[in-house]
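Notes to accompany the following structure.
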Amino acid sequence: MLAQPTPNVDTQTARRQYYERIATQHMTPLWEVLGALVPPSPRPEAVPAIWRYAEVREQVMEAGRLITAEEAERRVLILENPALRGQSCITSSLYAGLQLIMPGEVAPAHRHMQSALRLVLDGEGAYTAVDGERTTMHRGDFIITPSWTWHDHGNLGNEPVVWLDGLDIPLLRFLAAGFAEKSEERSQTELRPEGDSLARYGSNMLPVDFHQAPSDPTRVFVYPYTRTKASLQGIAQGTPDAHLGFKLRYVNPATGASPMPTIGAYAQALPEGFETRPYRCTDGTVHVCLEGAGEAEIDGTTHRFTESDVFVVPSWHTLRLRAAKPVTLFSFSDRPVQQALGLWREQRL
Ligand code: GTQ
C-alpha cells in the first residue's frame, strides 16, 4: 500500500471540527474506522480461556446452599469470556454455563426461541423433559432442547447433578429475535415413554411418512454417551486425521444437518501421545474434556486440561491438542450458522 502524507495541522483541525459537527447529526466518517470494520482476517473480541472443574466445582455447589432451583428458575453459573465480562458470552455468539440441580429439586417448565444443549458432567439421577418426554441424564450425554420446545429439569436421585449448558443467547440477542414463556405446569405431563424419540428417530430408521426440511431441528433429544463412545472406539482402529484426530459431528439423522440450526456439536477422540497439527477455523468453539487429560495450545499459549474442564478457542485462533492420556472431547460452536451463510473457513497449517 502507498504511504499517505501526514496532513498539516490546519487540515487536521478542520477535520476534527467537521467530525464534531456531523456527530450532532449522528454521523461519523467511515475512513477513520474502515480498517477495524473490515479487517483482513477475523479479530474476535473473545480471548482463549479455561475453567478447570476441580477449581470451580465448590463454587457451583455453594450456589446450591444459597438459592433453590425453583427460586432461581435456572441455577447456573455463567462462564463469561474474560474479554466479554457482563455480556453473558463465552464467544461473541454463544453462551455457556454450569447448571446445578439438587436432589428433589425441579427447574420449572418454560420455552424460548433460544436453542439449548446440555452436556452432563457430574452426578446421576437427573432428567430433562423435552416436549413431554423425559430423558435420564448420564455423564457425557448430549441433550438438546431445540428452539421453542418446552423443557424442565428435575433430580430424582440423591446427589447433586451438574451439566454444561450451551445456548445461542448472544446470537438471538444480536438478532433481537428472542421470545420466552413459562408453563402453567411446573413439570411437564409425560406424553411419551422415555426412549420413544430415540427409538423412532435416532436408531437408523424413521417413521415411514416422516420428512423434515433441512432447517428443522431433530426429534432426537438425547445422544447417549454410550453410543458416542462406541462410534469413536469403532473408528479409532483406523488412521487419525493429522489435524483433528478422530472427530465426528452430531447430526439430525433425518437430514444430516446439525441437530439444531444454530449450534453444531462434535465429539473427538485423541489416542494417548497424539498431537494434532495446528488448525484454525472461523467458529469460536467451546470444548469439554470428557475423558483423559492433555494440553490445548491456543495461539502459542498452553493450557493443561483434565476431565470436566471447559475451554474456549476463539475464532481464527490456532489450536494444537496434545493427549497425555487417551482423550475424549465434546465441543460446540456456531458453525452451522456460518456455513448456512457461506461464511465458514478453516485452515490446516
Ligand atoms: O435450562 O432452560 O443456562 O433457559 C440459560 C437459560 C439454561 C434452561 C441456561 C435457560 C436454561
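Whatever order the structure lists them in is the order used to number ligands and atoms, beginning at 1.
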Quiz prompt | ligand 1: protein residues within heavy-atom distance under 4.0 Å | solution = R74, V76, Y95, Q99, H110, H112, R118, H151, H153, D165, L167
Quiz item: Does the side chain of E181 come within less than 4.5 Å of H110's, by heavy atoms?
Solution: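 With C-beta onward as the side chain, the pair stays apart.
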Quiz item: Under the side chain to side chain donor-acceptor pair (under 3.5 Å) rule, what pairs show up with a residue in residues 21-39, not counting sequence neighbours?
Solution: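 Side chain to side chain donor-acceptor pair (under 3.5 Å) check on residues 21-39 returns Y19-W31, Y19-E32.
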Quiz prompt | Q268 side-chain N/O to L248 backbone N/O, donor-acceptor pair under 3.5 Å | solution = no
Listing, residues 324-338 side-chain donor-acceptor contacts under 3.5 Å, not counting sequence neighbours, or none:
residue : atom : partner : partner atom : Å
S333    : OG   : D283    : OD2          : 2.6
S333    : OG   : R335    : N            : 3.1
D334    : OD1  : Q338    : NE2          : 3.0
D334    : OD2  : S93     : OG           : 2.7
R335    : NE   : D283    : OD2          : 2.9
R335    : NH2  : D283    : OD2          : 3.3
Q338    : OE1  : T282    : OG1          : 2.6
Q338    : NE2  : T282    : O            : 2.9

Practice problem: Taking only Lys NZ, Arg NE, NH1 and NH2, and the carboxylate oxygens of Asp or Glu, determine whether R320 and E295 approach each other closer than 4.0 Å. | Solution: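 Salt bridge absent between R320 and E295.
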Quiz item: With sequence neighbours excluded, what pairs up with S315 under the side-chain hydrogen bond (donor to acceptor under 3.5 Å, both in side chains) test?
Solution: none
